[in-house]
Amino acid sequence: MLQFRFSAVLKDLFHPGFKRPLTSLATNRRSSATVPRQAGVVPSLRGSLAVCSPPWLPTALRALALCTKTEGAMVVNDGPGKEPRKEPPTETRRKAGILPSLEDLLFYTIAEGQEKIPAHKFVSALKATGLRTGDPRLKECMEMLKVTLKSTSDGVMLDRHLFKKCVQSNIVLLTQAFRKKFVIPDFMSFASHIDELYESAKSLSGGQVADYIPQLSKFSPDLWAVALCTVDGQRHTVGDTKVPFCLQSCVKPLKYAIAVHDHGTEYVHRFIGKEPSGLRFNKLFLNEDDKPHNPMVNAGAIVCTSLIKQGASNAEKFDYVMNFLNKMAGNEYVGFSNATFQSERESGDRNFAIGYYLKEKKCFPEGTDMPSILDFYFQLCSIEVTCESASVMAATLANGGFCPITGERVLSPEAVRDTLSLMHSCGMYDFSGQFAFHVGLPAKSGVSGGILLVVPNVMGVMCWSPPLDKLGNSVRGIQFCTDLVALYNFHNYDNLRHFAKKMDPRREGGDQRHTFGPMDYESLQQELALKDTLWKKVSPSESNEDSSTTVVYRMEGVGDQN
């Protein structure tokens, strides 16, 4: 059973604009003969590789953008000076061989006029869009591909009907990918620039690996990794992205988001302030109301820890947070380092001092067991991730609380908004003001060398390199973030229209990327001419809870539909 995120991929496909009838492809739909070529037509569905835009394809693709529906029929404009005429509904026309299906169009996109395509060509074209074969949304497609290849004589080639059988359960997502309707249309070019920024930061040699927690000092200073995940689930990684490391302070915004999700902003900030402290993260210092300054410093994070699952045991609390983090990471790697936990607890005198100071000032909810809360605090700091899994967590924040690769709502919009606000103002220790000025994005650093960076509505990034500067931030990570915003107009205050000196990866060919509202699944079914009701809406729809335009659908029981 598949869940995936749908962003009105077909809306701009179905608009009146038919200038000439499609006849060339009609006679060939039921055969695998080569489709006649036509030049001089602007493609409306382009593959992500250069080879995926054969000149005859635009005519076929425009078939789905040529007609408007009128009472079950279609009004077709044959050209200037001619009266519009009515055509039968889409399903009738497809059965009669008049219109190709989306699956056929996708096959023609990749096949370049050939009768069969090798499976690896489809996989390569898919990866070039930024999608991975392991994407949970493509589970049915990939499983069917494996089964289908086993049934072929050579185990490699797919004809049109076998290809259609493989892709039909995920055709909406695949159509969106190959039409370059993701947030970053030219993903290969974007990934190439990310690699260049990575290599530039890799040459830096300054900084020291943190040693005040003995377990952290064991990491090599040469480790360096960057991973990103867009709000549409496009992925790119470079460097040591599969090496596990502890979140340390990068967990602070995540547990704050959980607390706000559970209790609401007003309750959480009865105990914690919202202002930058201007002091070191581990200072024994409260604001004028005897509250910790914010949840991104140790005092605030310890109090925030006490708000999670109050009254439960530490074991229950830990499982509760791990469940949240697993959902944020799309069920990718989230682990725990017991060695780091023990090392944290044995060397945590300053945090114990902060804890007792908070207890003296009555900063905790009534009945809080402070030593137990500190244990839980050390446990959360010792949660392990990889750059890859943490980038999905960051992308969930960038995506308003929806995990991009599962489509599941994890956090409330309120929790995400408040978390990003505090990350922007307080997330980078004593460097927060400088980072907000130069980079202008929400971020959180940790002494293990990680920087969790969020580009709202675009992507999440995790940079990791253990050597730290004197303020406790990753030297290479800071450089990468600075270079990223110098190249792209991601700074919160870059003007998207007038800042001509920077690149905008959200544009394709100079055109601004348009977004549309959600299309209901009944209309989607009709547009795809499916025989039975197969789409089930599974995302929350309460207007007071979710005002986003993202809708999640599940497709069930899809068989071979010719």
Side-chain angles (χ1 to χ4, degrees), residues 9-10 12-14 18 20-38 41 43-49 51-67 74 76 87-119 121-123 125-126 129 138 140-141 144-145 148-149 152 157-181 524-532 534 555 558-562:
V9 60
L10 300 179
D12 64 335
L13 200 64
F14 297 90
F18 189 26
R20 62 171 69 96
L22 175 68
T23 57
S24 59
L25 186 61
T27 57
N28 293 310
R29 182 182 180 270
R30 293 300 182 185
S31 70
S32 56
T34 302
V35 180
R37 297 175 179 255
Q38 247 187 31
V41 185
S44 60
L45 168 55
R46 281 164 291 193
S48 46
L49 297 178
V51 297
C52 292
S53 297
W56 48 263
L57 178 63
T59 303
L61 299 179
R62 290 184 63 203
L64 295 181
L66 304 181
C67 308
M74 295 191 178
V76 181
E87 289 287 347
T90 302
E91 175 65 10
T92 303
R93 290 163 61 80
R94 284 186 179 167
K95 286 180 178 179
I98 305 294
L99 288 177
S101 67
L102 289 177
E103 294 90 338
D104 290 334
L105 298 180
L106 188 58
F107 177 82
Y108 299 141
T109 304
I110 301 171
E112 299 181 88
Q114 300 301 311
E115 295 183 5
K116 292 185 177 183
I117 61 170
K121 187 173 184 179
F122 165 61
V123 172
L126 182 67
T129 69
L138 294 175
E140 280 90 343
C141 176
M144 183 58 70
L145 182 61
T148 302
L149 288 176
T152 60
M157 304 300 290
L158 298 169
D159 62 21
R160 181 170 62 88
H161 294 290
L162 289 177
F163 179 83
K164 181 175 181 178
K165 185 177 180 181
C166 293
V167 303
Q168 61 186 358
S169 61
N170 299 123
I171 189 59
V172 175
L173 180 66
L174 292 171
T175 301
Q176 188 179 21
F178 280 89
R179 292 190 67 240
K180 294 190 175 183
K181 291 300 179 181
L524 176 63
Q525 174 192 305
Q526 190 173 5
E527 299 291 11
L528 293 179
L530 297 173
K531 296 177 183 177
D532 302 303
L534 301 173
M555 179 179 275
V558 181
D560 187 6
Q561 300 177 42
N562 292 310

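Given the structure is predicted, the values throughout are model-derived calculations rather than measurements.
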Novice: Please report the closest heavy-atom contact between Lys164 and Glu103, naming both atoms and the distance.
Specialist: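 Minimum heavy-atom contact is CG-CB, 3.5 Å.
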Novice: Could you tell me the separation between the OG1 atom of Thr109 and the CZ atom of Arg179, rounded to the nearest 0.5 Å?
Specialist: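 Spacing of OG1 (Thr109) from CZ (Arg179) equals 10.5 Å.
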Novice: Backbone N or O of Leu162 within a donor-acceptor pair of the Asp159 side chain at under 3.5 Å?
Specialist: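 Pair found, side chain donor or acceptor close to backbone of Leu162.
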Novice: side-chain contact (heavy atoms from CB on, under 4.5 Å) for Thr175 and Leu106? Distances and angles first, verdict last.
Specialist: CA-CA 7 Å; Thr175 301; Leu106 188 58; 5.6 Å; no
Novice: Identify the heavy atoms of Cys141 and Ser169 that sit nearest to each other, and give their distance.
Specialist: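 Residues Cys141 and Ser169, closest heavy atoms: N-OG, 4.0 Å.
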Novice: For Phe122, enumerate each residue passing the ring-ring contact (aromatic ring centres under 6.0 Å, His included) test, keeping only those at least two apart in sequence or located in another chain.
Specialist: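 Once residues adjacent in sequence are excluded, the partners of Phe122 under the ring-ring contact (aromatic ring centres under 6.0 Å, His included) criterion are Phe163.
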Novice: From Lys181 NZ over to Gln176 CD, what is the distance, rounded to the nearest 0.5 angstrom?
Specialist: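 Between Lys181 NZ and Gln176 CD, I get 9.5 Å after rounding to 0.5 Å.
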Novice: Would you give the length of the straight line joining atom CD1 of Ile110 to atom NZ of Lys121, rounded to the nearest 0.5 angstrom?
Specialist: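 It is 8.5 Å, given to the nearest 0.5 Å.
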Novice: Which heavy atom of Tyr108 sits nearest to which heavy atom of Arg160, and what is that distance?
Specialist: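 Minimum heavy-atom separation between Tyr108 and Arg160: OH-CD, 3.6 Å.
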Novice: Report the distance from atom CD of Glu115 to atom CG of Leu158, rounding to the nearest 0.5 Å.
Specialist: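 The distance works out to 14.0 Å.
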Novice: Could you tell me the separation between the CG atom of Leu138 and the CG atom of Asn170, rounded to the nearest 0.5 Å?
Specialist: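 The CG atom of Asn170 is 5.0 Å from CG of Leu138, to the nearest 0.5 Å.
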Novice: How many angstroms lie between CG in Leu145 and CG in Leu149, if you round to the nearest 0.5 Å?
Specialist: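 Reported value, rounded in 0.5 Å steps: 4.5 Å.
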